[in-house]
Visitor: 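I'd like to ask some things about the structure below.
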Amino acid sequence: MGTVERTTVCVAGGGPAGMVLGLLLARAGVEVTVLEKHADFLRDFRGDTVHPTTLDLLDELGLGERFAALPQSRLDRIGFPVGEHGETLVVGDLRRLEGRVGHPYIAMVPQWDLLDLLADAGAAEPTFTLRMSTEVTGLRRDADGAVTGVTWRTADGAAGELAADLVVACDGRGSTARAEAGLEVVDFPCPMDAWWFRLPRRADEDAPALTPRIGEGRMAVVIPREGYFQVAYMTRKGEEAALRARGIEAFRADVAAIAPDLADRVDALESMDDVRFLSVRLDRLRRWHVPGLLCLGDAAHAMSPIGGVGINLAVQDAVAAATLLAEPLRDGTLTAADLDRVRRRRLWPTVAVQALQRVMHRGIVRPVLAGDAAKRSSTRGKGRRGGPPAPIRRLMAAFPPATIIPAYLIGVGLRPERAPAFARRAPEPVTADRG
């Protein structure tokens, strides 16, 4: 296997949670090595929503100005198309968060741009190392079974070991580290799977609102991005083989039916290869750690795409972990109790958000995908198909300030975390060579 290298913290996975954790710990003076299996961050259809609390975090880290310079679109409302004339019923108004957050909107930025920004900031810290094309393949253990590091393999076939005081699994729902640790997973049923694709967006199409579309047995969320729309198209779980067998023409027709305003561009989908399939999961670990290993983000709790809150939760996990663990890691006094403090701090917001997602699955997604919502709405006059459930329409019509509730839950979340003092920096201005 070769020489065993050493670091204080090995972070498996260079996604938002892993990069934020690595940067924060490095700014505390902790030696951190982030292992990312891909050669770069350029992958389509990752979560690209940067929420108000994450935007505030970037400000606290001194990265807000550089982030603001990235190409991006901004969403300040969450709404449903209703009626026959393109009206939108706003159910979540992030503008009402003004004064509670520094940025009352969701920034839509390609995740690779955010990760490159964090990697660049990490490179300025002497204790931060990012190793691309390096996949974690297993765990090292001592005679008592405690995790003491990882084994790794590079894209060109080289392999080795990295010893560490702590391994943090930030490598997603398919985490190798989580699987090898044998941590028990609690699964919750999900009624849907998601198909991701992009369609052209004209320069004159202004879309400041996130607009779910509801049809008979189908549901879609159209996300405005710079130069195109990113679409999450949801179908009943288990339909993947049937939809692929029907082919791209039938898929285009289904999309055009649920989103008629996009019917003039569905031909941009040339084959089913242009559509990425995601098997939706909702789960969480009973315990997030074993001695020497901690799981965060999707590795600890896979979230439904409903509400688009998974990235925000993962980033908040990372901030909490850095805040609680920096000192014992620096002092060499880390214990299992320290690791459990992270779980205890982040558990209730995780449980609460997953509970809300399960309610939405039962009350909205499942009836829509069963065709029930469309049948009910079709009996109530024109213009109702594609709108939100009637109780939501009535609430928002009777009491518009209620739009702050979903705005807060999605944009801020439960128990938002602030950057620890050791990680805060003065704003870094944008320069020509750093973008």
Side-chain angles (χ1 to χ4, degrees), residues 9-28 30 32 34 36 46-47 49-58 60-61 111 114-115 118 122 166-175 177-178 181 183 185-186 281-290 293-305 307-326 328-329 334 336-357 409-420 423:
V9 177
C10 171
V11 178
M19 295 302 291
V20 168
L21 178 66
L23 173 60
L24 267 59
L25 288 178
R27 286 188 172 182
V30 176
V32 182
V34 180
E36 166 56 45
R46 304 181 73 159
T49 54
V50 184
H51 291 239
T53 45
T54 304
L55 294 170
D56 286 352
L57 173 69
L58 292 169
E60 293 164 353
L61 299 179
Q111 194 177 108
L114 172 62
L115 297 177
L118 294 170
L166 176 65
V167 175
V168 185
C170 297
D171 47 349
R173 62 183 64 192
S175 170
R178 172 173 109 169
L183 290 164
V185 181
V186 180
R281 287 173 50 186
L282 185 65
D283 66 36
R284 66 174 177 265
L285 299 177
R286 291 194 184 277
R287 296 176 63 234
W288 295 15
H289 75 280
V290 295
L293 170 73
L294 174 67
C295 295
L296 298 178
D298 275 1
H301 45 74
M303 310 301 290
S304 164
V309 295
I311 292 175
N312 200 38
L313 275 174
V315 169
Q316 300 302 308
D317 286 356
V319 176
T323 303
L324 294 171
L325 302 181
L329 283 166
L334 185 71
D338 294 318
L339 302 182
D340 194 52
R341 287 175 65 200
V342 178
R343 181 195 65 87
R344 286 188 284 115
R345 179 166 182 84
R346 298 302 306 162
L347 181 61
W348 84 260
T350 300
V351 171
V353 170
Q354 289 187 330
L356 286 171
Q357 289 186 327
L409 291 174
I410 292 173
V412 178
L414 304 171
R415 182 166 265 178
E417 306 285 351
R418 304 293 300 273

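The structure presented is a predicted model; accordingly, all values stated were derived computationally and were not measured.
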Visitor: Report yes if some heavy atom in the side chain of Glu36 is under 4.5 Å from a heavy atom in the side chain of Leu115; otherwise report no.
Guide: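 SC-SC contact between Glu36 and Leu115 ruled out.
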Visitor: Measure across Cys295 and Ala300 and return the closest heavy-atom pair with its distance rounded to 0.1 Å.
Guide: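 Smallest interatomic distance, heavy atoms only, reads O-CB, 3.5 Å.
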Visitor: To check you understand the geometry: which heavy-atom pair defines the closest contact between Leu296 and Ala321, and what is its length?
Guide: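 Closest approach of Leu296 to Ala321: CD1-CB, 3.8 Å.
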Visitor: With a 4.5 Å cut-off on side-chain heavy atoms, are Leu329 and Val9 touching?
Guide: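 They are in contact (side-chain heavy atoms under 4.5 Å apart), so the answer is yes.
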Visitor: Could you check whether Arg415 pairs with Asp317 (Lys NZ or Arg NE/NH1/NH2 to Asp/Glu carboxylate O, under 4.0 Å)?
Guide: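 Between Asp317 and Arg415 there is no salt bridge, as every charged N stays at least 4.0 Å from the carboxylate O atoms.
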Visitor: Measure the spacing between CZ of Arg173 and CE of Met303 and express it to the nearest 0.5 Å.
Guide: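 Arg173 CZ to Met303 CE: 10.5 Å, rounded to 0.5 Å.
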Visitor: If you take all heavy atoms of Gly14 and Val34, which pair is closest and at what distance?
Guide: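 Between these two residues, the closest heavy atoms are CA-CG1, 4.0 Å.
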Visitor: Taking C-beta and beyond as the side chain, do His301 and Leu313 meet within less than 4.5 Å on heavy atoms?
Guide: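 Answer yes - side chains close enough.
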Visitor: Side chain to side chain donor-acceptor pair (under 3.5 Å) between Arg284 and Gln354: does it pass, once the steps are laid out?
Guide: CA-CA 9 Å; Arg284 66 174 177 265; Gln354 289 187 330; 2.7 Å; yes
Visitor: Measure across Leu293 and Leu166 and return the closest heavy-atom pair with its distance rounded to 0.1 Å.
Guide: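 Minimum heavy-atom contact is N-CD1, 4.0 Å.
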Visitor: Measure the spacing between CD of Glu60 and CG of Leu55 and express it to the nearest 0.5 Å.
Guide: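 Going from CD on Glu60 over to CG on Leu55, the span is 11.0 Å.
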Visitor: Looking only at heavy atoms, which two atoms of Pro328 and Asp338 are closest? And how far apart?
Guide: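 Answer, listing the atom of Pro328 first, then Asp338: CB-OD2, 3.7 Å.
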Visitor: Given side-chain contact (heavy atoms from CB on, under 4.5 Å), test Arg287 with Asp340 step by step and report yes or no.
Guide: CA-CA 8 Å; Arg287 296 176 63 234; Asp340 194 52; over 6 Å; no
Visitor: With side-chain contact (heavy atoms from CB on, under 4.5 Å) as the test, would you mind laying out the steps for Arg341 and Leu325 before giving the verdict?
Guide: CA-CA 9 Å; Arg341 287 175 65 200; Leu325 302 181; over 6 Å; no
Visitor: If you measure from CG on Leu114 to CG on Leu58, what distance do you get to the nearest 0.5 Å?
Guide: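 Separation between the atoms: 6.5 Å.
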Visitor: Quick check: do Val186 and Asp283 have side-chain heavy atoms less than 4.5 Å from each other?
Guide: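 A side-chain contact is absent here, since even the closest heavy-atom pair is not under 4.5 Å.
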Visitor: Do Val353 and Leu409 come within less than 4.5 Å of each other through their side chains, counting heavy atoms only?
Guide: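 Side-chain contact under 4.5 Å: no.
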Visitor: To the nearest 0.5 Å, tell me how far Glu417 CD sits from Thr53 OG1.
Guide: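 These two atoms lie 10.0 Å from each other.
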Visitor: Using a 4.5 Å cut-off on heavy atoms from C-beta on, say whether the side chain of Ile311 contacts that of Gln111.
Guide: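 When only atoms from C-beta onward are counted, Ile311 and Gln111 do touch, with a gap below 4.5 Å.
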Visitor: Hey, mind stepping through Leu294 and Trp288 against side-chain contact (heavy atoms from CB on, under 4.5 Å) and telling me if it holds?
Guide: CA-CA 6 Å; Leu294 174 67; Trp288 295 15; 4.2 Å; yes
Visitor: First locate atom CG of Asn312, then atom OG1 of Thr54, and finally report the distance between them rounded to the nearest 0.5 Å.
Guide: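 Interatomic distance, Asn312 CG to Thr54 OG1, rounded to 0.5 Å: 4.5 Å.
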Visitor: Going from CG on Leu57 to CD on Gln316, what distance comes out if it is rounded to the nearest 0.5 angstrom?
Guide: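 CD of Gln316 is found 7.0 Å from CG of Leu57.
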Visitor: Which atoms form the tightest heavy-atom contact between Ile410 and His51, and what is the distance?
Guide: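 Heavy-atom minimum between the residues: O-ND1, 2.6 Å.
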Visitor: Just so I know, are the side chains of Val11 and Val167 near enough to count as touching, which here means a heavy-atom distance under 4.5 Å?
Guide: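 Side-chain contact under 4.5 Å: no.
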Visitor: Within the 4.5 Å heavy-atom criterion, are Leu61 and Arg27 side-chain neighbours or not?
Guide: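 They are in side-chain contact.
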Visitor: Keeping Thr323 on the side-chain end and Val319 on the backbone end, is there a donor-acceptor pair under 3.5 Å?
Guide: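 Yes; judged by distance alone, with no hydrogens or angles, the pair exists.
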Visitor: Could you go through the side-chain contact (heavy atoms from CB on, under 4.5 Å) check for Val309 and Gln357 one step at a time?
Guide: CA-CA 10 Å; Val309 295; Gln357 289 186 327; 3.8 Å; yes
